[in-house]
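Heads up, the thing below is written out as structure tokens.
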There are 2 protein chains.
Amino acid sequence: MFNLLYKKISAITPVNEEEFDYFKTFFILKKLRKRQYFLQEGDVCKYQAFVVKGLLRSYTIDGKGSDHILQFASEGWWMADLSSYLTNDPSFLNINALEDVELLLLTRPKWEQAMKEIPALEHYFRIIIQNHLVSTQKRLLQSLAETAEEKYHRFLATYPECVQRVPQHMVASYVGVSRETLSRIRKQAAERK
Amino acid sequence: MFNLLYKKISAITPVNEEEFDYFKTFFILKKLRKRQYFLQEGDVCKYQAFVVKGLLRSYTIDGKGSDHILQFASEGWWMADLSSYLTNDPSFLNINALEDVELLLLTRPKWEQAMKEIPALEHYFRIIIQNHLVSTQKRLLQSLAETAEEKYHRFLATYPECVQRVPQHMVASYVGVSRETLSRIRKQAAERK
DNA sequence: AAATAAATGTGACGTATATCACATTTATTT
DNA sequence: AAATAAATGTGATATACGTCACATTTATTT
């Protein structure tokens, strides 16, 4: 259950076993079936989730009813509506399971307590948040600078495993292109080869 | 010189004076005149900069020669190409001064050392990076979900001070719209009023 | 195994926004 | 104060991509 989390943390910073055993007690285990919601727009995001198994997505729905995916999270990644989690404001995001998932949930107070009591954890979270920021900045600039086709191919190159597990129209939604356009881009690319 | 930095840090976490005096010794003071570069594409980003006075921007130039602004940083904000700073890879970003600036520079090794020796600083940086991530995620979703006009007006609402100090075509570049389109959006909005 | 739902493909058409080109206004430099 | 450079405005035209509508294929549920 906690092996993956342990592995992920120690890849970044040494944690002694005692500390980690203590940290374990902070979590709540949660399972969701495919299509179930972890968070719905308007609710407050009370937990962040470490994905032990399966795949989640977070997304907004715009005024016209189209959805835009912010993030996918598979095994070893964290998922939450950070903004709502930190402010306790109602969420603008939806988060649901794309496959059956097993999650380790951590409330905000427990999270803060853990980081306070175990400095290595503050370091760990600083690093992963920092990495997350770097990749989000890259994605933002790419969304400004690149064409639909370039964005799609960069997505393929960056998240090859994800493409196997996620339906095409969600890749389109993540990349910022309509599903029809993505279908045409793929056709062209196939013909060129 | 360091007053603003002290204020900014203590707004987030208590720091005792001794620690802060020690932290001070880690910085290099740097002044740049308007239009001068802090970082040029291809160079490694050796410093992150705390802006004491003035205004900076970071941006990429795409294949067609258009530029896309990632960030503005005025008094009290940090600026760097985080990716290059962390990896030592050549930067894809340019950073230059939009006004004469005074900066406090911090190298990567000094930064790491400071956070290691003063745990409050790791906390401080975790928080500001986290806030930065939240706002970047919002901006990303808005860039996917909103029209040019909505994006512009949201920019006005979010960064009213910035609009006073930054030329219009850079606002356009930040928002992800051509300068001509922004000019027309403004005309329309003025007519409607 | 049938029934239902989800995902994908594809043509016809529409539109928001980019691009180009030049004029005008506003800053900056010498 | 003149000269030069930067920024903005505006029309005409182009285009990448979205939207709509329906057919086809592939999963999921009962």
Side-chain angles (χ1 to χ4, degrees), chain A residues 32-37 54-55 57 59 61-69 72 96-100 142-156 162-191, chain B residues 32-37 54-55 57 59 61-69 72 96-100 142-156 162-191:
Chain A
L32 291 176
R33 316 246 13 223
K34 185 170 177 174
R35 272 173 249 275
Q36 279 193 304
Y37 280 85
L55 183 60
R57 97 222 231 233
Y59 64 98
I61 302 175
D62 68 22
K64 290 183 205 140
S66 331
D67 58 306
H68 303 276
I69 295 179
F72 296 110
N96 73 353
L98 302 184
E99 302 171 357
D100 296 355
Q142 285 154 15
S143 87
L144 294 172
E146 297 184 338
T147 64
E149 187 176 1
E150 288 166 335
K151 282 185 260 184
Y152 171 61
H153 284 117
R154 188 183 295 279
F155 179 83
L156 289 189
C162 194
V163 183
Q164 308 305 115
R165 293 167 76 175
V166 165
Q168 220 184 96
H169 73 276
M170 291 192 190
V171 173
S173 164
Y174 181 95
V175 165
V177 173
S178 73
R179 54 173 207 80
E180 293 93 335
T181 297
L182 183 59
S183 172
R184 284 173 190 123
I185 286 170
R186 283 163 50 85
K187 194 186 178 189
Q188 271 179 258
E191 278 167 3
Chain B
L32 290 177
R33 315 242 18 219
K34 185 168 177 173
R35 272 173 249 274
Q36 279 193 304
Y37 280 84
L55 183 62
R57 99 225 229 232
Y59 63 100
I61 302 176
D62 68 22
K64 290 183 205 141
S66 331
D67 57 308
H68 303 276
I69 294 179
F72 295 111
N96 75 352
L98 303 183
E99 302 170 358
D100 296 356
Q142 285 153 15
S143 88
L144 294 172
E146 297 183 337
T147 64
E149 186 176 1
E150 288 165 334
K151 282 185 260 183
Y152 171 62
H153 284 116
R154 190 183 293 280
F155 179 82
L156 289 190
C162 194
V163 182
Q164 307 305 116
R165 293 167 77 175
V166 164
Q168 222 185 95
H169 73 274
M170 290 189 189
V171 173
S173 164
Y174 181 94
V175 166
V177 172
S178 73
R179 54 175 206 78
E180 293 94 335
T181 295
L182 183 59
S183 172
R184 285 172 189 125
I185 286 169
R186 282 162 52 83
K187 194 187 177 188
Q188 272 178 258
E191 279 166 2

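Bear in mind that the values here come from a model prediction, so they are computed numbers and not experimental data.
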Self-check item: Spacing of CD belonging to Q168(B) relative to CG belonging to L182(B), to within rounding of 0.5 Å
Solution: 5.0 Å
Quiz prompt | Ion pair check, R33(A) and D100(A), cut-off under 4.0 Å | solution = yes
Quiz prompt | NZ/NE/NH1/NH2 to OD/OE distance under 4.0 Å, D67(A) and R57(A) | solution = yes
Practice problem: Output yes when a side-chain donor or acceptor of E146(A) lies under 3.5 Å from a complementary backbone atom of S143(A), and no otherwise. | Solution: no
Quiz item: Checking Q188(B) side chain against I185(B) main chain: does a donor-acceptor pair fall under 3.5 Å?
Solution: no
Self-check item: Touch class at under 4.0 angstrom, heavy-atom based, for K151(B) against every strand present
Solution: nothing
Practice problem: Return the 5'-most residue of the pair R184(B), R35(B) with respect to DNA chain C, ranking by each residue's nearest nucleotide. | Solution: R184(B)
Exercise. Go through residues 165-179 of chain A and report each residue with a non-hydrogen atom lying under 4.0 Å from DNA chain C, sorted by number.
Key: P167(A), Q168(A), H169(A), R179(A)
Quiz item: Nearest to the side chain of K187(A), which nucleotide is it out of dT17(C), dG11(C), dT10(D)?
Solution: dG11(C)
Self-check item: Watson-Crick or G-U pairs under 3.5 Å in DNA chain C, rendered as dot-bracket with [ ] for crossing pairs and | for another strand
Solution: ||||||||||||||||||||||||||||||
Quiz item: Given atom CD of E180(B) and atom C1' of dT13(D), what is their separation to the nearest angstrom?
Solution: 13 Å
Quiz item: Just to confirm, is there a sub-4.0 Å distance from OP1 or OP2 of dT28(D) to any side-chain nitrogen or oxygen of K34(A)?
Solution: yes
Exercise. Classify the ring geometry between Y174(A) and F155(A) as parallel (under 30°), tilted (30 to 60°) or perpendicular (over 60°).
Key: tilted
